[in-house]
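The structure appears below as structure tokens.
These values consider heavy atoms only, across backbone and side chains, with no hydrogens, waters or symmetry-generated copies. Quick caveat, the model's predicted, so the values are computed rather than measured.
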Amino acid sequence: MQAYTRRLGHQFSKSTTSSSLSSLRSLYSALDAPRFGSQQERYGSTIASTGAGHIVRKGTGGRSSVSGIVATVFGATGFVGRYVVQQLAKMGSQVLVPFRGSEDSPRHLKLMGDLGQIVPMKYNPRDEDSIKAVMAKANVVLNLIGREYETRNYGFEEVNITMAKKLATIANEHGGIMRFIQVSCLGASPSSPSRMLRAKAAAEEAILKELPQATIVKPAVVVGTEDRILNKWAQFVKKWGFLPIIGDGSSKIQPVYVVDVAAAIMAALEDDGSSMGKVYELGGPDVFTVHQLAELMYDTIREWPRYVKVPLPISKILASPREMLVNKVPFPLPTPAIFNLDEINAYSVDTVVSENALTFDDLGIVPHKLKGYPIEYLFSYRKGGPNLGATISEKVSPENWP
């Protein structure tokens, strides 16, 4: 550009006045100036230089912006994972999605961001080099891997403890990971009657030992469109006409809306580092007994409540054969529906937010009440369609009927 301006200046030097030269100099300066805002401050790097401080400090926001976050989300194809990916993509982050199944398993996530923003990457959880490859370009790691039942290939210890240790170790060796967020479960404790919750507690301890600056998020029973509690109950009711209640259904739980869980994870990721090294217990605003939550499900699907109360010892006997055979037969066993031994053990005790725990309030989030919009997906289970048996407040006027 400078050579070009010198040639132009030579051509016009004899025929231009001093005012014309001044105008030309202004034009050349404009031509040499940065174009399209490429050097504007708002397009600068948004990555924090150290582990503390904001990761997202600048940028216009939105899917087409660049937040500076490159996040590897393990467990992104699961229930909570898809909402976390959506929130990351919404702010303009690049999301690396490790998957171990078929090429179709992460395809629903690609629609959540701009072209190239969601990057599916096949990996092998048992291969460290494969894990390092999907974390190589990341500056944020989120671990949402978990399962509420065992299979013949993966047990609770390998999924929850071994995998979490491996991710924390690789993230520590990486050197460029500024945030590590582990999604655990409310009620995770070494003394829990549930093997999964004991494994989750061991994973938390292992991660904080390897990465003291990691953030632990412990949501309660998560409710949402793809959940594995109200959907499972409604499907059983529609098929069999009743719902088994383990024990007397008096155990207390504090279900939380999945969108609130994703928002809490984003809040911990975007803060100034104050959430690093802390543990957050995420429960909804209301505490239900298992029986009360079942009543809410029945009320939403407009079915007459029918229960069969199964004593706790008998329910454990009914669920035990699968647990004994899962690693002894040469074929996969069906996924347990109601009689999942580990869930039975987990629901046998109260699972609510501790009195002095850090909660949604510490992240600046007000969680949704469960009744209403968060469970409207249950309308699809209503006999005859969503409007059948609707309450007065939900009635559709006759002129709106087709």
For P219 and V222 the tightest heavy-atom approach is CB-CG2, 4.1 Å

Nearest heavy-atom approach of G283 to A220 is CA-CB, 4.2 Å

Qualifying side chain to side chain donor-acceptor pair (under 3.5 Å) pairs, either residue in residues 161-175, two or more places apart: N172-E210

Quick one: ring pair (Phe, Tyr, Trp, His ring centres under 6.0 Å) pairs with a partner in residues 122-149, sequence neighbours left out? F74-Y123

Distance col, row Q213:CD vs F180:CZ, nearest 0.5 angstrom, shows 10.0 Å

Beyond-backbone contact of V97 with V119, side-chain heavy atoms, under 4.5 angstrom: no

Straight-line distance of L167 CG to M135 CE, nearest 0.5 Å: 6.0 Å

Which side chain to side chain donor-acceptor pair (under 3.5 Å) pairs, counting each pair once, include a residue from residues 331-350, with sequence neighbours left out? S194-D342, K232-E343, K316-N345

I344 versus L312: any side-chain heavy-atom pair under 4.5 Å? yes

For residues 307-342, which residue pairs pass the ring pair (Phe, Tyr, Trp, His ring centres under 6.0 Å) check, not counting sequence neighbours? H291-Y307, Y298-Y307

With sequence neighbours left out, what residues match N124 under side-chain hydrogen bond (donor to acceptor under 3.5 Å, both in side chains)? none

Do M112 and R82 have side-chain heavy atoms sitting under 4.5 Å apart? yes

Any sub-3.5 Å donor-acceptor pair from S189's side-chain atoms to S191's backbone N or O? yes

Identify all side-chain donor-acceptor contacts of residues 236-245 below 3.5 Å with residues at least two apart in sequence or on another chain.
{"from": "K238", "atom 1": "NZ", "to": "E303", "atom 2": "OE2", "distance (Å)": "2.8"}
{"from": "K238", "atom 1": "NZ", "to": "Y381", "atom 2": "O", "distance (Å)": "3.0"}

Least distance between heavy atoms, V223 atom then P374 atom: CG1-O, 4.5 Å

Measure from the side-chain N and O atoms of T215 to the backbone N and O of S275, and report whether any donor-acceptor pair falls under 3.5 Å. yes

Test your reading of the model: is there a side-chain donor-acceptor pair from D299 to the backbone of L296, 3.5 Å cut-off? no

Does any pair with a residue in residues 106-115 pass side chain to side chain donor-acceptor pair (under 3.5 Å), and if so which ones, sequence neighbours excluded? S64-D114

Quick one: does any side-chain atom of N139 pair with a main-chain N or O of V70 as donor and acceptor, under 3.5 Å? yes

I want to check something: taking the side chain as every heavy atom from C-beta on, are P255 and I229 in contact at a cut-off of under 4.5 Å? no

Would L333 and L325 count as a side-chain contact (heavy atoms from CB on, under 4.5 Å) if you check the C-alpha gap in whole Å, the side-chain angles of each, and the deciding distance to 0.1 Å? CA-CA 8 Å; L333 293 175; L325 297 174; 4.0 Å; yes

Work out which heavy atom in V279 is nearest to a heavy atom in L208; give both atom names and the distance. CG2-CD1, 4.4 Å

Looking at V261, L142, V95, which hits side chain to side chain contact (heavy atoms under 4.5 Å, CB included) with V84? L142

Has the side chain of R179 got a donor or acceptor atom that lies under 3.5 Å from a matching backbone atom of A71? no

Any side-chain heavy atom of F379 within less than 4.5 Å of one from T300? yes

Ring pair (Phe, Tyr, Trp, His ring centres under 6.0 Å) pairs, two or more places apart, involving residues 256-290: Y257-H368

Take S274 and D272 through the test side chain to side chain donor-acceptor pair (under 3.5 Å) and record every step on the way to the result. CA-CA 6 Å; S274 58; D272 59 356; 3.2 Å; yes

Spell out, as yes or no, whether a donor-acceptor pair under 3.5 Å connects the side chain of D227 to the backbone of N231. yes

Going by atom type alone, with no hydrogens or angles, which donor-acceptor pairs under 3.5 Å involve a side-chain atom of residues 196-206 and a protein atom two or more places apart or on another chain?
{"from": "R198", "atom 1": "NH1", "to": "S192", "atom 2": "O", "distance (Å)": "2.8"}
{"from": "R198", "atom 1": "NH1", "to": "P193", "atom 2": "O", "distance (Å)": "3.4"}
{"from": "K200", "atom 1": "NZ", "to": "I145", "atom 2": "O", "distance (Å)": "3.1"}
{"from": "K200", "atom 1": "NZ", "to": "N160", "atom 2": "OD1", "distance (Å)": "3.2"}
{"from": "E204", "atom 1": "OE2", "to": "S184", "atom 2": "OG", "distance (Å)": "2.5"}

The side-chain hydrogen bond (donor to acceptor under 3.5 Å, both in side chains) partners of Q254 (sequence neighbours excluded) come to none

For V258 and G224 the tightest heavy-atom approach is CG1-CA, 4.0 Å

Any luck finding a side-chain donor-acceptor pair between T77 and S105 under 3.5 Å? no

Using side-chain contact (heavy atoms from CB on, under 4.5 Å), reason through V140 and I177 one step at a time and then give a plain yes or no. CA-CA 5 Å; V140 169; I177 303 298; 6.0 Å; no

Could you go through the side chain to side chain donor-acceptor pair (under 3.5 Å) check for S250 and D248 one step at a time? CA-CA 6 Å; S250 61; D248 57 0; 2.7 Å; yes

Measuring from atom NZ of K122 to atom CZ of F99, what distance do you get when rounded to the nearest 0.5 angstrom? 5.5 Å

Determine whether a donor-acceptor pair (N or O, by modelled atom type, separation under 3.5 Å) exists between the side chain of R322 and the backbone of P334. yes

How many angstroms lie between CG in L109 and CG in L111, if you round to the nearest 0.5 Å? 8.5 Å

Q87 side chain vs M266 backbone, donor-acceptor pair below 3.5 Å: no

Say you draw a straight line from CG of L88 to OG of S93; how long is it, rounded to the nearest 0.5 Å? 5.0 Å

Could you note down all residue pairs passing salt bridge (Lys or Arg N to Asp or Glu O under 4.0 Å) where residues 276-295 supplies at least one of them, sequence neighbours left out? D286-K369

Could you go step by step and tell me if I338 and W233 meet the side-chain contact (heavy atoms from CB on, under 4.5 Å) rule? CA-CA 8 Å; I338 301 297; W233 288 356; 3.7 Å; yes

Hey, does the side chain of T289 reach the backbone of Q292 with a donor-acceptor pair shorter than 3.5 angstrom? yes

Check whether any side-chain heavy atom of R147 lies under 4.5 Å from a side-chain heavy atom of Y154, and answer yes or no. no

Are I181 and V217 side-chain neighbours, meaning at least one heavy-atom pair lies under 4.5 Å? yes

Check A133 against M121 and note the closest heavy-atom contact, atom names and distance. O-CE, 3.9 Å

Under a 3.5 Å threshold, yes or no: a donor from one side chain and an acceptor from the other, between T151 and N153? no

Tell me every residue that passes salt bridge (Lys or Arg N to Asp or Glu O under 4.0 Å) with E158, counting only those two or more places apart in sequence or in another chain. R126

R302 backbone acceptor or donor facing R382 side chain under 3.5 Å: no

Within-4.5 Å side-chain heavy-atom neighbours: T359 and L282: no

dist I118:CD1 -> L96:CG (nearest 0.5 Å) comes out at 9.0 Å

